[in-house]
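So you know, we letter chains A, B, ... as the sequences are listed, proteins then strands, and number each from 1. All values derive from a computational prediction rather than experimental measurement.
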Amino acid sequence: MAYSQEQEPGGGRISGSLEGNANFFMRDSLIGAANTPQYDRQLYGADAWLNLQYSNWGFDIGLRFDLFNNSNLLNPTSSYTDQGIGNWFVRKRINKLGITVGYMYDQIGSGIIFRAFEERPLLIDNALVGLRLTYDIAPNWVVKGFTGRQKQQFDAYRSIIKGFSLEGFVTGDSTSTWSLAPGIGVVNRTLDDASMNSLVSALRFYLPEDIFVPKYNNYAFSAYNTLHAGPFSWYVEGAYKTKDAINDPFGVTVISPDSIIIGDKFINRTGSVLYTSLSYAAKGLGITLEAKRTENFSFRTRPQEQLNRGLVNFLPPMTRVNTYRLTARYNAATQELGELAFQADARYSPNKKWSFNVNYSFINRLDSVKLYRELFTEITYKYERKWTLSGGVQIQNYNQEVYEFKPEVPIVETVIPYIDFLYKINRKKSVRFEAQYMLIGDDAKAGAKQDYGDWAFALIEFNIAPNWTFTAADMYNVNPGKNSPKDDSGDGLSLHYPRFDIFYTIKSSRFSLSYVKQVEGVVCTGGICRLEPAFSGVKFTVNTTF
Amino acid sequence: MKRVLFSLVIATFMFSACEEVPPEVKPFVVDPDDTSGIQTQQRQVLIEEFTGVRCVNCPAGTQAIQSLLSAHGDQLVAVSIHAGFFSDNYPQSLYDFQTPEGNSLLAYLGEPLGFPTAVVNRKLFDGEQDLQLGQSQWPYFIGQELATPPSVKIDITPEFNAVTRVLKADIDLFIEENIAESDVRLSVMITENGIVDYQLTPDALISNYVHLHVLRDMMTSYDGNPLTEPLVDGAEISRSYTLTLPDGWVADNCHIVAFVHFGGGSKEVLQAHEVGITE
């Protein structure tokens with residue numbers, strides 16, 4: 001988050017930011033934008049965050065006011081209303097000792113064993129409420145210890161989370177081209193009595209062979225290092241978690257040979273993650289290779305929490321972040337119970353006019369079940385400063401049965417060609433056009449196109465610098481598929497999902513007003529995803545820093 | 001280097017501890033005693049499961065409720081409400097299990113984050129933010145609720161005419177202790193067991209799934225009918241309701257579920273009771 005800073009005569013600095021969203025809901029049962037409190041009766045929802053930070057006398061003090069009025073962020077099919085102080089902290093440095101109390105965001109290594117973070121689009125706010133101490137034990141070596149509880153809206157979960165890390169930085173003399181940034185970390189979660197009692201009650205109803213004795217305390221350990229050597233950068237992290245009760249959403253309970261139940265079930269497992277990333281960066285060329293193996297690494301503040309709630313850690317996603325509307329429609333949510341993933345990304349720019357990008361992602365379950373494949377290509381040509389043309393194709397395989405819990409659906413196969421054309425009319429005005437077409441595979445069993453079928457998308461954007469941007473876009477269900485809305489005779493409907501936006505930017509403030517019809521889909525931030533119902537209505541947003 | 005070692009020693013102390021005393025996890029033993037007679041009636045807890053024929057995870061939730069019913073017998077009363085995101089029937093479905101009352105109850109009790117989901121005694125439990133609870137939380141909170149004696153006892157006398165299909169339900173409430181809450185209500189539901197129809201399961205969409213405890217209709221308003229009499233220890237309150245069972249409902253599989261609950265900011269259920277309509 002960016003802050004501007006204003007100096008006051010007394011030497012203090014105050015800065016802040018405001019983010020506000022207002023949604024006006026317009027019921028459209030044809031596309032599925034219906035049957036939530038907002039569409040049925042509330043008609044309006046809003047959320048806002050006002051962040052203030054003050055620095056003086058060696059202290060940093062922060063305060064955040066959070067507001068939710070009939071908000072659909074916490075649960076997209078429900079309504080959440082509350083307001084209050086969502087975050088505060090006091091930070092002070094006393095020589096080599098750093099002290100923070102209150103709500104804090106932090107992580108160890110890449111976040112595999114601990115990450116306290118915020119993702120507002122999914123209303124994830126996993127701040128740790130507690131105390132953190134850091135101490136510079138030697139030049140370039142820092143130890144950190146923390147203890148606290150995880151935030152739960154305007155309350156906190158009861159489990160205690162404490163952690164420790166030691167991080168350093170080692171390099172040769174001033175002419176050396178190498179450096180090391182090693183670290184180790186450990187995190188402990190102590191389950192509260194109520195959560196343990198609830199867990200024990202659930203286990204008592206299990207079949208004798210499935211019952212286990214859970215632990216109050218579990219530990220996660222991690223060792224990591226970044227090596228820089230010339231144009232190469234290599235990060236590696238290994239993490240291990242002691243036995244812990246974790247929820248398996250595909251758990252199998254065999255009541256009898258004829259009665260097998262598949263569903264939520266606690267299992268008692270140790271966990272591990274191995275993650276590595278190797279990058280090469282030279283003039284005009286950048287290559288990144290990544291690999292990750294995850295096994296039973298669900299780490300929650302209590303095992304009863306599911307989906308994106310109560311996450312103590314964060315497993316890095318292994319797919320590229322797609323930004324175009326259709327290329328971003330199918331996302332691979334990180335599978336914390338087990339996945340083997342690889343990603344390669346190469347960028348090459350031989351000169352100022354041309355650039356090329358190829359990205360490939362491969363994700364399998366540990367039992368070799370195919371989860372996700374993506375090949376993404378992009379070629380960009382810049383003609384002086386007048387126009388830029390980008391284009392390419394994305395090819396995806398997406399295991400909808402696993403990612404969205406939809407039984408008996410085939411692996412979704414898409415091919416999406418796209419173009420993006422930017423034309424600068426003059427110094428102030430420019431126009432941008434983008435178009436994508438999604439060709440989807442057939443669902444032979446259903447006798448129809450997979451999922452929603454084929455889509456076309458087009459967007460035109462007109463910019464008048466520095467203040468105004470206007471966009472008009474439409475997503476059109478060209479060949480409806482198995483899950484597209486149907487007419488009375490059961491035939492799929494070719495529906496339009498238009499969107500119109502006006503953005504106004506002045507100094508550090510940005511306003512937007514949008515009319516949106518949006519098809520249901522999986523929305524992801526990082527590797528964390530959830531199913532979002534269709535949206536129909538008007539959105540107003542404001543963002544400002546001061 | 002000394003400081004690094006010192007830090008590691010401190011960290012070791014921070015995270016090393018004696019072996020913890022583990023919790024006791026004993027399999028649940030079924031209590032064979034009949035507790036439903038009005039004299040000996042004990043606390044009877046209501047579990048309202050929200051479900052849908054398109055909810056792939058819900059059969060596992062229903063199975064969990066069956067296990068709980070096996071363990072708690074008459075002390076647990078289950079209702080399956082087909083409402084919300086996954087409840088639209090399939091074109092090939094024989095029945096539409098959605099009801100206006102079920103949809104209203106979902107709005108009244110709040111939408112869940114995920115499925116399976118159920119509301120236990122309509123109570124907001126300590127440490128929870130929603131009435132809707134995930135499957136793994138049901139046993140503990142049911143156990144908590146069963147630990148307190150009932151402040152109301154409920155007797156239901158059904159009268160069903162198989163020719164006219166008119167059902168009359170006489171409900172008698174016996175107040176066991178003074179209830180100070182000003183807004184106390186009675187809700188009466190009709191549920192049906194053993195309906196065979198389509199249901200999405202993790203294996204496939206199957207046509208012969210046996211639906212249990214399906215909410216069919218309510219004899220009161222969806223949020224209950226107010227009890228206006230003073231609710232003092234020893235008071236007896238009676239209500240009668242009638243309803244004509246539509247053709248297609250199997251009377252022998254239908255039940256009357258009555259429960260007394262608050263109607264204000266708290267919606268907590270004080271006592272529930274269930275009888276078959278042909279018993």
*Would you indicate whether the side-chain heavy atoms of A/Lys406 and B/Val56 approach each other to under 4.5 Å?*
no
*Check A/Arg41 against B/Ala107 and note the closest heavy-atom contact, atom names and distance.*
NH1-CB, 3.6 Å
*Can you see which heavy atom on B/Glu111 is nearest to which on A/Ser78, and at what distance?*
CB-CB, 3.4 Å
*Does the side chain of B/Ser136 reach to within under 4.5 Å of the side chain of A/Phe266, using non-hydrogen atoms?*
yes
*Atom OH of B/Tyr140 and atom CG of A/Leu203: how far apart are they, to the nearest 0.5 Å?*
14.0 Å
*asked:* Between B/Glu128 and chain A, with a heavy-atom cut-off of 4.5 Å, which part of the residue counts as in contact: side chain, backbone, both or neither?
replied: side chain
*Engaged part of B/Leu68 at the chain A interface, taking heavy atoms whose separation is under 4.5 Å*: both
*Could you walk me through whether B/Asp203 and A/Ile262 pass the side chain to side chain contact (heavy atoms under 4.5 Å, CB included) test, one step at a time?*
CA-CA 9 Å; B/Asp203 292 329; A/Ile262 298 173; 4.0 Å; yes
_Per-residue contact mode, A/Pro303 against chain B (heavy atom under 4.5 angstrom)_ = neither
_Atom NZ of A/Lys445 with >12 non-hydrogen neighbours under 6.0 angstrom_ = no
_For A/Tyr216, is there any backbone N or O sitting under 3.5 Å from a side-chain donor or acceptor partner on B/Glu20?_
yes
*Given the options B/Ala64, B/Pro59, B/Ala83, B/Pro112, which has more heavy-atom pairs under 4.5 Å with chain A than any of the others?*
B/Pro112
*What residue, out of B/Gln63, B/Glu24, B/Arg54, has the most heavy-atom pairs lying under 4.5 Å from chain A?*
B/Gln63
*asked:* Working note: B/Asp126 + A/Arg158, criterion side chain to side chain contact (heavy atoms under 4.5 Å, CB included); need CA distance, chi angles, decisive distance, verdict.
replied: CA-CA 11 Å; B/Asp126 191 28; A/Arg158 311 284 169 86; 3.2 Å; yes
*A/Asn35 versus chain B, heavy atoms under 4.5 Å apart: side chain, backbone, both or neither?*
backbone
_Working to the nearest 0.5 angstrom, can you tell me the gap between B/Ser67 OG and A/Leu207 CG?_
8.0 Å
_Gap between atom CG of B/Leu106 and atom OG1 of A/Thr77 - 0.5 Å precision_ = 8.0 Å
*Quick one: CD on B/Gln129 to CG on A/Asn75, what's the gap to the nearest 0.5 Å?*
12.0 Å
*Is chain B contacted by the side chain of A/Gln152, its backbone, both, or neither, given a heavy-atom distance below 4.5 Å?*
both
*OG-CZ distance between A/Ser201 and B/Phe141, expressed to the nearest 0.5 angstrom*: 9.0 Å
_Less than 4.5 Å apart, side chain to side chain, heavy atoms only: is that true for B/Val25 and A/Phe212?_
no
_Is there a side-chain contact between A/Leu74 and B/Leu113 in this structure, where contact means two heavy atoms from C-beta onward sitting under 4.5 Å apart?_
no
*Give the minimum heavy-atom separation between B/Pro139 and A/Ala202, together with the two atoms involved.*
CG-CA, 3.7 Å
_A/Phe405 side chain reached by B/Pro202 side chain, heavy atoms, under 4.5 Å_ = no
_Exercise: identify the closest heavy-atom pair between B/Ala204 and A/Pro407_ = N-CB, 4.4 Å
*Could you pull out the closest heavy-atom pair between A/Gln304 and B/Gln137, with the gap in Å?*
CG-CG, 3.8 Å
*asked:* Taking the side chain as everything from C-beta on, heavy atoms only, tell me whether B/Pro23 gets closer than 4.5 Å to A/Val213.
replied: yes
